[in-house]
Amino acid sequence: MAIEEKKRKHKDSSEKSHKKKHKSITKIVAPSSPASSVGSPAPAVATSFSEVVVKLYLHLAPMWSGKTMEGVNEQLNAFLMKYVPEVDGIILAHSDVQFTADKGKILYDSPFCHFFITVKFLVWKPKRGTKLVGRINLQSEDHIGLLIYGTFNASIPKSRIPSSTYEWKINEEEAVEEAIQEADEDEDEGTTEAAAEERTRTQYGEWINKATGSSIGGEDGTLEFNVMDIIEANDILTVTGSL
């Protein structure tokens with residue numbers, strides 16, 4: 001009886017360690033690089049996109065029996081537009097899925113099918129010191145907000161906007177109109193017109209080039225900037241830039 005109990009305990013502990021070991025962990029196999037012509041080195045082009053081949057350990061539910069590829073794509077789609085630390089970037093697309101074995105495994109009393117695959121991910125991971133282009137979607141006296149590729153957020157703080165080249169110009173008409181309107185609405189609460197004007201001074205205006213007087217983003221509102229820092233929060237990357 002003692003021997004049987006020891007075997008049971010050994011089996012239980014092995015099952016626990018097995019379950020811990022086989023979580024869906026991304027493992028980098030090899031990064032892919034653009035092909036270059038024979039005899040000539042590939043030009044060094046700074047880009048925030050890269051393709052990375054990774055190996056994944058998947059667990060498919062019984063509902064995907066007979067339609068394995070659909071189940072695999074369903075799990076891979078969960079990575080899209082999210083920051084994944086193992087590839088150090090946001091996954092935009094996946095392709096070239098390959099199974100490392102012909103059959104999956106059913107382990108112990110779990111109804112899930114377990115197997116490894118390799119997949120190519122298209123990853124967006126900007127690097128510090130490179131240049132990006134964004135479209136301005138917000139301007140204030142404190143910073144400039146931009147959208148990169150219409151999707152990713154970027155911010156250029158006032159400290160990174162050279163005062164020798166650019167300056168903040170207030171839109172006087174809108175600022176005064178808004179100040180008067182707010183003063184009228186808050187008159188019962190004792191808000192003065194001066195206080196309302198002060199509150200709205202940084203809400204309307206734009207950064208302009210001192211030399212030319214033109215808007216910082218030009219007619220199309222696009223702006224090239226240097227990547228200074230990259231912040232990851234809630235599976236999203238936010239870029240801090242400098243002019």
Side-chain angles (χ1 to χ4, degrees), residues 24 26 28 31-32 34 44-54 56 73-95 119-171 174-175 178 199-210 212 214-243:
S24 295
T26 307
I28 297 178
S32 61
V45 179
T47 176
S48 55
F49 297 95
S50 62
E51 289 183 332
V52 181
V53 178
V54 301
L56 293 177
N73 285 327
E74 182 76 13
Q75 292 205 18
L76 293 178
N77 288 342
F79 290 109
L80 298 180
M81 299 307 295
K82 292 183 179 179
Y83 175 79
V84 178
E86 286 79 6
V87 297
D88 190 28
I90 293 179
I91 294 178
L92 304 179
H94 56 80
S95 61
V119 58
K120 182 187 292 183
F121 283 135
L122 175 63
V123 181
W124 185 71
K125 49 178 181 180
K127 297 180 180 179
R128 293 176 179 85
T130 59
K131 289 185 178 294
L132 290 175
V133 176
R135 184 176 295 276
I136 298 173
N137 63 352
L138 175 67
Q139 292 193 58
S140 74
E141 195 172 4
D142 297 326
H143 77 288
I144 298 174
L146 307 101
L147 272 181
I148 306 169
Y149 306 116
T151 304
F152 308 109
N153 291 314
S155 177
I156 304 175
K158 181 179 180 180
S159 59
R160 301 288 186 180
I161 304 173
S163 57
S164 59
T165 307
Y166 303 101
E167 66 178 353
W168 174 254
K169 181 183 178 182
I170 300 172
N171 188 329
E174 292 188 10
E178 183 69 16
R199 187 167 59 251
T200 59
R201 286 184 72 83
T202 60
Q203 293 182 7
Y204 299 96
E206 61 179 349
W207 288 91
I208 63 171
N209 188 303
K210 284 184 175 181
T212 63
S214 58
S215 301
I216 195 171
E219 293 183 0
D220 58 356
T222 58
L223 186 63
E224 185 180 64
F225 61 94
N226 297 311
V227 177
M228 300 301 296
D229 197 12
I230 303 164
I231 303 170
E232 184 274 321
N234 299 323
D235 297 333
I236 297 295
L237 291 182
T238 300
V239 178
T240 301
S242 173
L243 294 179

- Sorted by chain and number, sequence neighbours left out, side chain to side chain donor-acceptor pair (under 3.5 Å) with Thr222 holds for Asp220

- Note on the structure: For Asp229, the salt bridge (charged side-chain N to carboxylate O under 4.0 Å, His left out) test, sequence neighbours excluded, returns Arg128

- Item | Approximate separation, where rounding is to 0.5 Å, of Ser140 OG and Lys158 NZ | 9.5 Å

- Item | Spacing of Ile216 atom CD1 and Lys169 atom NZ [to the nearest 0.5 Å] | 14.0 Å

- Message: If we check side-chain contact (heavy atoms from CB on, under 4.5 Å) with Tyr83, which of these qualifies: Asn234, Asp88, Ile91, Ile230?
- Response: Asp88

- Message: Could you measure the distance from the OG atom of Ser163 to the CH2 atom of Trp168? Nearest 0.5 Å is fine.
- Response: 15.5 Å

- Quick one: list whatever passes side chain to side chain donor-acceptor pair (under 3.5 Å) with Asn73, sequence neighbours left out. none

- Rounded to the nearest 0.5 Å, what's the gap from CG on Leu122 to NE2 on His94? Could you check? 11.0 Å

- Could you tell me which non-hydrogen atom of Met228 sits nearest to which non-hydrogen atom of Ser242, and how far apart they are? CG-CB, 3.3 Å

- Measuring from Glu51:CD to Lys120:NZ, what's the distance to the nearest 0.5 Å? 4.5 Å

- Heavy-atom check, side chain of Leu243 versus side chain of Arg160, under 4.5 Å: no

- Note on the structure: CG of Leu132 to CD of Glu224, rounded to nearest 0.5 Å, is 9.0 Å

- Ser214: side-chain contact (heavy atoms from CB on, under 4.5 Å) partners, not counting sequence neighbours: Asn209, Thr212

- Task: Name all residues meeting the side chain to side chain donor-acceptor pair (under 3.5 Å) criterion together with Asn153; count only those two or more places apart in sequence or in a different chain, and write none if there are none.
- Result: none

- Task: Check ring pair (Phe, Tyr, Trp, His ring centres under 6.0 Å) between Phe152 and all other residues, then give those that pass, not counting sequence neighbours.
- Result: Trp124

- Query: Does the side chain of Thr151 reach to within under 4.5 Å of the side chain of Met81, using non-hydrogen atoms?
  - Reply: yes

- With a 4.5 Å heavy-atom cut-off, do Leu223 and Trp207 have their side chains touching? no

